Structure formats: C-alpha cells, structure tokens
> 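Got a structure for you, written out below as structure tokens; questions coming shortly.
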Amino acid sequence: MTAQEKKTLSNAEKQQRYRERQKGSGKKELRGYLTPEALACYQEIQQKTEWSDSVMLSNAIRLMYAAHKLGQIGLLNGWLTEHKK
C-alpha cells in the first residue's frame, strides 16, 4: 500500500478505534465529576503514586469493593466525615 492509498484518520476515528480496542479487551469507561474534597484527595494520591487516571479509578473501585465485603464502608465514611475529606 502506498502512502497515497493510506487513509489519514481523524481524531474522532482514532478515539473510536481506541475505545473499541479497550472494550474488546474487557474494559469499561466510567466518567463522573469530582467534588472539591475528592479532587484534593485525587491530586494528593496522584502526586504520591504517579498512577494514571485509569489505574487510580480501577484501584479505588477495587478498594471500595473490598471495604464493602469486609463491612468497613461505615468506618471509612465516618473517617472521611471526621477529617472533612
């Protein structure tokens, strides 16, 4: 295939292909808005761990699930309330 025969992909097409590859590998995209308190926590964790948004979100959900399974959600919510986080 020559350079002229190759089609240049637009950014939207590249994003679409990326999302399809991620979905094909079993991943799901989640979105949301952070409160100012959550954003401060996010920034602190990101600086200390240097995790990407995807890794941070995946780990946060897995940790919340573990806390739920161990009956610790109330304890965690209490700590967040006491420390205004």
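Quick caveat, the model's predicted, so the values are computed rather than measured.
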> Would the distance check show the side chain of Ser25 and the main-chain N or O of Gln22 forming a donor-acceptor pair, the cut-off being under 3.5 Å?
yes
> Give, for atom CZ of Arg17 and atom CG of Leu9, the distance between the pair rounded to the nearest 0.5 Å.
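So the CZ of Arg17 and the CG of Leu9 are separated by 5.0 Å.
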> Does the Gln16 side chain pair with the main chain of Lys14, one donor and one acceptor, at a distance under 3.5 Å?
no
> Restricting to side chain to side chain donor-acceptor pair (under 3.5 Å), what partner residues turn up for Glu82, sequence neighbours left out?
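For Glu82 there are no side chain to side chain donor-acceptor pair (under 3.5 Å) partners, ignoring immediate neighbours.
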> Tell me, please, which residues at least two apart from Trp51 pass ring-ring contact (aromatic ring centres under 6.0 Å, His included).
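Per chain and number, Trp51 pairs via ring-ring contact (aromatic ring centres under 6.0 Å, His included) with no residue.
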> Cluster question for you: counting only ILVMFWY and a side-chain heavy-atom cut-off of under 4.5 Å, with indirect links fine, are Leu57 and Leu63 together?
no
> Using side-chain contact (heavy atoms from CB on, under 4.5 Å) as the criterion, list what pairs up with Thr35, not counting sequence neighbours.
Glu37, Ala38
> Within a reach of under 6.0 Å around CD of Glu50, are more than 12 heavy atoms found that belong to other residues, nucleotides or ligands?
no
> Tell me if a side-chain donor or acceptor on His83 pairs with a main-chain N or O of Trp79 at a distance below 3.5 Å.
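Yes: the side chain of His83 pairs with the backbone of Trp79.
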> Nearest 0.5 Å, what's the CG-OH distance between Leu70 and Tyr65?
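Spacing of CG (Leu70) from OH (Tyr65) equals 10.0 Å.
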> Just jot down the side chain to side chain donor-acceptor pair (under 3.5 Å) partners of Asn77, sequence neighbours excluded, or say none.
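Result, side chain to side chain donor-acceptor pair (under 3.5 Å) vs Asn77: none returned.
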> Return the OG to CD distance between Ser52 and Gln46, rounded to the nearest 0.5 Å.
9.0 Å
> With Arg21, which residues qualify under side chain to side chain donor-acceptor pair (under 3.5 Å), at least two apart?
none
> Measuring from atom CD of Glu44 to atom NZ of Lys85, what distance do you get when rounded to the nearest 0.5 angstrom?
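Glu44 CD to Lys85 NZ: 5.5 Å, rounded to 0.5 Å.
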> Output the distance between atom OH (Tyr18) and atom NZ (Lys23), rounded to the nearest 0.5 Å.
13.5 Å
> Leu80 and Leu34: same hydrophobic cluster, using ILVMFWY side-chain contacts below 4.5 Å?
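No.
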> Under a 4.5 Å cut-off applied to non-hydrogen side-chain atoms, are Ile61 and Met64 in contact?
no
> List in chain and number order the residues that pass side chain to side chain donor-acceptor pair (under 3.5 Å) with Ser10, two or more places apart in sequence or in another chain; answer none if no residue qualifies.
Glu13
